[in-house]
Undergrad: 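Quick one: this structure, given as structure tokens, is what I'll be asking you about.
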Amino acid sequence: MRSSAARGMPDPWITVFLVATGGAVLLALGFSALYGLGLIGTRSSGLTLAHWQAVLTDRGFWTALGFSLGLTVATLTLCMVSALAVVLLLAEQLRRPPLGILIYLPLAVPGVVAALVAYQVLGDGGLLARITHSLGWISQPSEFPSLVFDRQGLGIVLTHWAMVTPFFVILLDRLMDHERIPAFRQLARALGASEWAALRRVILPLLSRGALPLCTVYGVVLLAAFEVPLLIGARFPNMISVEIHERIGQFDLTLRPQGFVMATLYLVILSAAWWLGGRWLPARGARR
Amino acid sequence: MTRRAAAWLLSLIMIAPLVVLSLLSVAVQWRYPSLWPSAFHHRLWLDLLHDGRALGLAFLASGLIAAAVSVLATVGGLFTSQRVARHRRHSALLRLAVLPFAVSPVVMALSLNYGFIRLHWAGTVPGLILAQTLFAYAYATLLLNSLWSARMVALSNLAASLGASRRQLWTRVRLPLGSAVIGVCLFQTFLMSWFDFALARIIGAGRVVTLPIKVFEYFGSGDLRLAAATGLLLMLPPMLMLVLNRKGLAWPLAHEASA
């Protein structure tokens, strides 16, 4: 049987793939753009730029985007620093039980359950508040610093930090082995480098090269985080996914197109970032 | 000694969510400022079973949807990854597989939901399976790309040159050689769907009730004990994988490191 390519036709699996990936994104972009322009939807009244004007001049979208970016950078920084510390200090312990096994446990916790645990641990009546109370540091729950539903997003950062750090620990631990970092570290030390110089000149460059793609992936995932901010985030400011979800899902149908304008903007910005990232980051295939 | 203590402390932190959920699910009273529940009773788990119809349906729906998504995505990903691997624009196609995740599944689902509503697919099980498969299929294609190594291609060519039919190539060479990665892909796409809350909430529109949706409902209604018990049920499959093959649970990380 001759293949599709040999007959000059596109391969059906490649066609399905293009439709399911790029096609789906274009379709999403199309729907949200048309809805935002008032051309489709339950209350569409013909072409209008009013919703675009409302979103672009209102602080809602930019605040949500900035808030999401800030929390993402904070979470990623915390994750990288703590994972690096764990890998460098507890390398031996990571290879045997209990830590070698239990480090995988957070991988089994979905976002919605993580938010539930965070509420139970970080809330003003939660486990941390009870511990501080038993230590005599606080006398009533309201004295405990607000870590859930807080406007600074501390609860969101802490929850994501607890969820994502084990992933980074596993990745960095594998990279240490794969890049033979302990041997290079030893060599650098034998050649007279200080511990700090070995870390800065040898370990960090090797690890960052390997960890950058996954770091980018997690950055994008955290930027659009949904479950945790929806469950334990404040009403304002919102993370971007929750902001768009609330605008589109709210009862006031006249405001719904603004949600779609936000979705359009977000899809365009992230598509552009994906395109730029593809040019900047080495392609996985090319690295082989 | 300090490092051993730090490792034990970290281990305790890792196991803390499981302990908190387990305690919460059987605690009769756990009032502030008690560090420990004042009474336990497994009756709460029995209550959960008695709420059986709703929860049983959610469990069944989650399992069936995840199984369907997993099989569809893995089979599609298997054939697609093979075509992608030998395509002259291999790298560009792999980057394209990342696009739906890069632009956020939540935002995509919110935008695509308009089409799902128009086609009357919103709030239906097939609609949710389709939405989840879009993402799981892209992920499976990325994950199974590693299957098409030079060795696999050489062995396939050798078998073909010795007269193997296309069917034999798959059943005697490719599937046996790739069984480990295909197994991981089946499990991980199953988990993607099993854990999914966002698409189930948006596309499911409150009419398709899965386990994460039940956790959210119990949490929202303030019934933390039932939420904790349902959360534990949700964690059951990955915990099982953790016991059987923890590397399979973290496979992409291992692969990322060695790629």
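Reminder, nothing fancy here: chain letters follow the sequence lines and each chain counts from 1. Scope of the values below: all heavy atoms of this structure, side chains included, with no hydrogens, waters or symmetry mates.
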Undergrad: Is a donor on one side and an acceptor on the other found under 3.5 Å between the side chain of Ser241(A) and the backbone of Ala224(A)?
TA: yes

Undergrad: Is there a donor-acceptor contact under 3.5 Å from the side chain of Thr165(A) to the main chain of Ala162(A)?
TA: no

Undergrad: Let me know if Ile131(A) has heavy atoms under 4.5 Å from chain B in its side chain, its backbone, both or neither.
TA: both

Undergrad: With chain B, which of Ile40(A), Val86(A), Val16(A) has the greatest number of heavy-atom pairs at distances under 4.5 Å?
TA: Ile40(A)

Undergrad: Report which part of Pro97(A) has an atom under 4.5 Å of a heavy atom belonging to chain B: side chain, backbone, both, or neither.
TA: neither

Undergrad: Flag the one option from Ile244(A), Asp177(A), Leu89(A) with the top tally of heavy-atom pairs under 4.5 Å to chain B.
TA: Leu89(A)

Undergrad: Given a strict heavy-atom distance threshold of 4.5 Å, which part of Glu92(A) is in contact with chain B: side chain, backbone, both, or neither?
TA: neither

Undergrad: If you count heavy-atom pairs within less than 4.5 Å of chain B, which of Ile101(A), Val121(A), Val221(A) leads?
TA: Ile101(A)

Undergrad: Could you have a look at Val20(B), Leu232(B), Leu35(B), Thr133(B) and say which one has the most heavy-atom pairs with chain A under 4.5 angstrom?
TA: Leu35(B)

Undergrad: Between Tyr266(A) and Phe61(A), is the ring centre distance below 6.0 Å?
TA: no

Undergrad: Between Ile248(A), Leu172(A), Leu270(A), which shows the greatest number of heavy-atom pairs under 4.5 Å with chain B?
TA: Leu270(A)

Undergrad: Short question: side chain of Arg130(A), backbone of Arg31(B) - any donor-acceptor pair under 3.5 Å?
TA: yes

Undergrad: Tell me which of these, Ala85(B), Ala97(B), Ala16(B), Ala138(B), has more heavy-atom pairs under 4.5 Å with chain A than the rest.
TA: Ala97(B)

Undergrad: Verify whether the ring centers belonging to Tyr119(A) and Phe219(B) lie closer than 6.0 Å.
TA: yes

Undergrad: Would the Tyr32(B) and His133(A) ring centres measure less than 6.0 Å apart?
TA: yes

Undergrad: Please rank Ile117(B), Asn113(B), Val215(B), Leu18(B) by heavy-atom pairs under 4.5 Å with chain A and give me the top one.
TA: Val215(B)

Undergrad: Taking side chain as everything from C-beta outward and backbone as N, CA, C, O, which of these in Ser271(A) sits under 4.5 Å from a heavy atom of chain B? Side chain, backbone, both or neither.
TA: both

Undergrad: What residue, out of Leu27(A), Val117(A), Leu231(A), has the most heavy-atom pairs lying under 4.5 Å from chain B?
TA: Leu231(A)

Undergrad: Counting only non-hydrogen atoms closer than 4.5 Å, does Leu21(B) touch chain A with its backbone (N, CA, C, O), its side chain (CB onward), both, or neither?
TA: side chain

Undergrad: Are the side chain of Trp8(B) and the backbone N or O of Leu12(B) linked by a donor-acceptor pair below 3.5 Å?
TA: no

Undergrad: Provide the closest heavy-atom pair for Val164(A) versus Phe168(A) in the form atom of the first, atom of the second, distance.
TA: CG1-CE1, 3.1 Å

Undergrad: Of all residues at least two apart in sequence or in a different chain, which pass the salt bridge (Lys or Arg N to Asp or Glu O under 4.0 Å) check with Glu243(A)?
TA: Arg247(A)

Undergrad: Relative to chain B, which segment of Ala211(A) carries a heavy atom at a distance below 4.5 Å: side chain, backbone, both, or neither?
TA: neither

Undergrad: So which of Val84(B), Leu236(B), Leu224(B), Val98(B) has the largest heavy-atom pair count under 4.5 angstrom toward chain A?
TA: Leu224(B)

Undergrad: By a 4.5 Å heavy-atom criterion (distance strictly below it), what part of Leu207(A) contacts chain B: side chain, backbone, both, or neither?
TA: neither

Undergrad: If only atom types and distance count, is the side chain of Ser11(B) paired as donor or acceptor with the main-chain N or O of Pro98(A) below 3.5 Å?
TA: no

Undergrad: Against chain A, label Thr80(B) side chain, backbone, both or neither, depending on which of its atoms sit under 4.5 Å from a heavy atom there.
TA: both

Undergrad: Contact part of Val106(B) toward chain A, heavy-atom cut-off under 4.5 Å: side chain, backbone, both or neither?
TA: side chain

Undergrad: Give every donor-acceptor pair under 3.5 Å between a side-chain atom in residues 191-205 of chain B and any protein atom, sequence neighbours left out.
TA:
from      : atom 1 : to        : atom 2 : distance (Å)
Ser193(B) : OG     : Gln132(B) : OE1    : 2.6
Trp194(B) : NE1    : Leu234(B) : O      : 2.7
Asp196(B) : OD1    : Leu199(B) : N      : 3.2
Asp196(B) : OD2    : Gln132(B) : NE2    : 2.8
Asp196(B) : OD2    : Leu199(B) : N      : 3.4
Asp196(B) : OD2    : Ala200(B) : N      : 3.0

